[in-house]
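Notes to accompany the following structure.
Both ligands and their constituent atoms are indexed starting at 1 by order of listing. Bear in mind the structure is a predicted one, so any value in this text is a computation, not a measurement.
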Amino acid sequence: MPRLRLEGLSKVYPGGVKALDAFTLDIAEREFIAVVGPSGCGKSTLLRLIAGLDEESGGKILLDDRELNGLPPRDRDMAIMFQNYALFPHLTVAENMAFGLKLRKTPRAEIVARVSESARMLGIEDLLGRYPSEMSGGQRQRAALGRAILRRPKVFLFDEPLSNLDAKMRAQMRVEIARLHQTLTSTMLFVTHDQVEAMTMGDRVVVLRDGVIQQAADPETLYRDPANAFVASFIGSPGMNLFPGRIADVTGGAAFVHPLFTWRLPEEWRRKLAAYSGKSILFGVRPEDIGSAAARRAVDAPAIKAEIGVVERLGGQSCLYLQASVESGRSADGSAFASRPDDAQGCHAGQVVELPVFAANGKFFDPATGAAIR
Ligand SMILES: Nc1ncnc2c1ncn2[C@@H]1O[C@H](COP(=O)(O)OP(=O)(O)OP(=O)(O)O)[C@@H](O)[C@H]1O
Ligand SMILES: [Mg+2]
């Protein structure tokens with residue numbers, strides 16, 4: 001039985017903006033769902049509808065099979081933590097945390113016990129007497145988190161709670177929330193525009209675009225088997241390279257033909273792509289499948305000759321951003337791509353290199369619909 005069931009949830013704002021379109025998802029008890037998508041795709045709208053802060057235009061919200069539609073937020077047994085978590089500036093951390101329980105007329109002894117338990121979980125016991133202005137951003141974030149968890153709701157809703165933090169603090173809070181999830185065993189719905197955050201935290205990741213679910217799957221599946229070109233290029237840093245080309249007959253059979261390389265299709269792809277013969281198509285290849293040691297070892301790997309535009313050195317790993325070299329005289333259109341070689345020492349901008357493509361790991365997408373061809 002799913003704990004939280006969202007059935008065709010939709011929201012059209014006055015003025016006609018369709019922010020959420022038939023969002024359907026079953027979320028299990030204790031599951032951690034990360035919803036990821038670009039700015040404006042409907043993430044906050046989704047959480048506001050679930051929390052009851054906004055009214056849906058259609059669809060149902062069920063918690064443990066109880067319909068929540070129409071119930072005020074306080075009767076929904078959920079805690080929401082916003083991007084701009086507001087702590088009351090004139091209250092100490094302890095008072096901030098206790099605020100909601102006081103409103104609910106919780107007995108004093110229980111409030112004290114719950115505040116200290118949450119503070120202990122988050123390692124902020126020493127900060128209970130401080131005012132928000134006397135703490136760092138990360139400490140404030142933790143206090144806000146403490147305020148949310150001590151309500152012990154069935155469902156936690158997080159709206160980009162980490163986006164105001166610096167990179168290091170964000171990584172730390174990510175681990176903290178994951179640990180909290182293990183301890184609290186509550187259902188969590190976490191929305192973010194950051195795919196790394198979503199991929200590292202979610203049991204399942206839902207990719208949202210213009211209010212429509214693109215794919216809902218575990219992180220591994222999402223990465224290995226994207227449902228469409230949008231998911232392929234959104235997930236990954238950088239995302240999957242999409243080479244626009246066409247399927248054509250060359251000597252030896254059907255091939256994928258792109259200005260920078262030609263790949264003679266193996267039998268299986270020939271069959272699956274029969275309907276695309278002579279037509280345009282998108283070929284997706286992950287950066288780590290271009291120029292890597294595995295690509296070098298691959299049999300029948302086509303090679304791309306291109307010019308390095310930028311070398312991004314990340315310590316253990318490097319990423320090359322390339323384009324068709326000027327000398328090759330080929331069109332630069334659709335020829336920019338990224339590569340993650342195992343060793344980029346000695347690579348520099350302006351250099352023309354020839355990189356093998358591990359094409360067998362590639363994916364094809366329909367250029368009109370973007371759907372993966374499987
Ligand atoms: N009150 C409103 N009235 C009209 N349109 C709105 C309202 N709130 C949001 N929208 C529109 O609905 C769409 C979804 O907005 P939403 O805030 O859910 O996006 P989001 O995914 O949370 O974006 P972000 O990552 O920037 O926070 C956007 O196009 C937005 O402009
Ligand atoms: Mg938002």
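Of all atoms in ligand 1, numbered sequentially from 1 with element shown, those under 4.0 Å from a heavy atom of E160 are 25 (O). Atom numbering of ligand 1 starts at 1 in the shown order; those under 4.0 Å from a heavy atom of S44 are 17 (O), 18 (O), 20 (P), 22 (O), 27 (O). Those atoms of ligand 1 with a heavy atom of A19 less than 4.0 angstrom away are 12 (O), 13 (C), 14 (C). Proximity to V17 (heavy-atom distance under 4.0 Å) selects the following atoms of ligand 1: 11 (C), 12 (O), 29 (O).
Residue side and main chain included, S44 places an N/O/S atom under 2.8 Å of the Mg ion (ligand 2).
At the shortest separation from atom 9 (C) of ligand 1 among protein heavy atoms lies Y13 CE1, 3.4 Å. Distance from atom 26 (O) of ligand 1 to its nearest protein heavy atom, with residue and atom name: S39 OG, 2.5 Å.
Distances from atom 25 (O) of ligand 1 to the heavy atoms of H193, K43, K11 show the closest one on K43.
Looking at R204, its side chain never comes within 3.5 Å of a backbone N or O of A217 through a donor-acceptor pair.
Taking SG of C41 as the reference point, atom CG of L208 lies at 4.0 Å (rounded to 0.5 Å).
Salt bridge status for D64 with R3: present, with a side-chain N to carboxylate O gap under 4.0 Å. Ion pairing between a basic and an acidic side chain is recognised when a charged N comes within 4.0 Å of a carboxylate O; K18 and D210 show no such pairing.
Note on ligand 1: G40 sits in its first shell, one or more heavy atoms being nearer than 4.0 Å. Note on ligand 1: G15 sits outside its first shell, no heavy atom being nearer than 4.0 Å.
Taking only nitrogen or oxygen atoms, main chain and side chain alike, P14 does not reach within less than 3.5 Å of ligand 1.
Atom CD of E55 has 12 or fewer heavy atoms from other residues, nucleotides or ligands within 6.0 Å.
The shortest side-chain heavy-atom distance between R5 and I27 does not fall under the 4.5 Å cut-off.
Within 4.0 Å of atom 31 (O) of ligand 1, not a single protein heavy atom is present. For atom 13 (C) of ligand 1, the nearest protein heavy atom lies closer than 4.0 Å.
For the residue pair T192 / E197, a side-chain donor-acceptor distance below 3.5 Å is found, with atom types taken as modelled.
When each of F256, F243, F337, F365 is checked for a ring pair (Phe, Tyr, Trp, His ring centres under 6.0 Å) with F283, only F256 meets the rule. When V93, L145, L87 are each tested for a side-chain contact (heavy atoms from CB on, under 4.5 Å) with R140, only one passes: L87.
The proximity of T45 to ligand 1, defined as any non-hydrogen pair under 4.0 Å, involves the side chain as well as the backbone.
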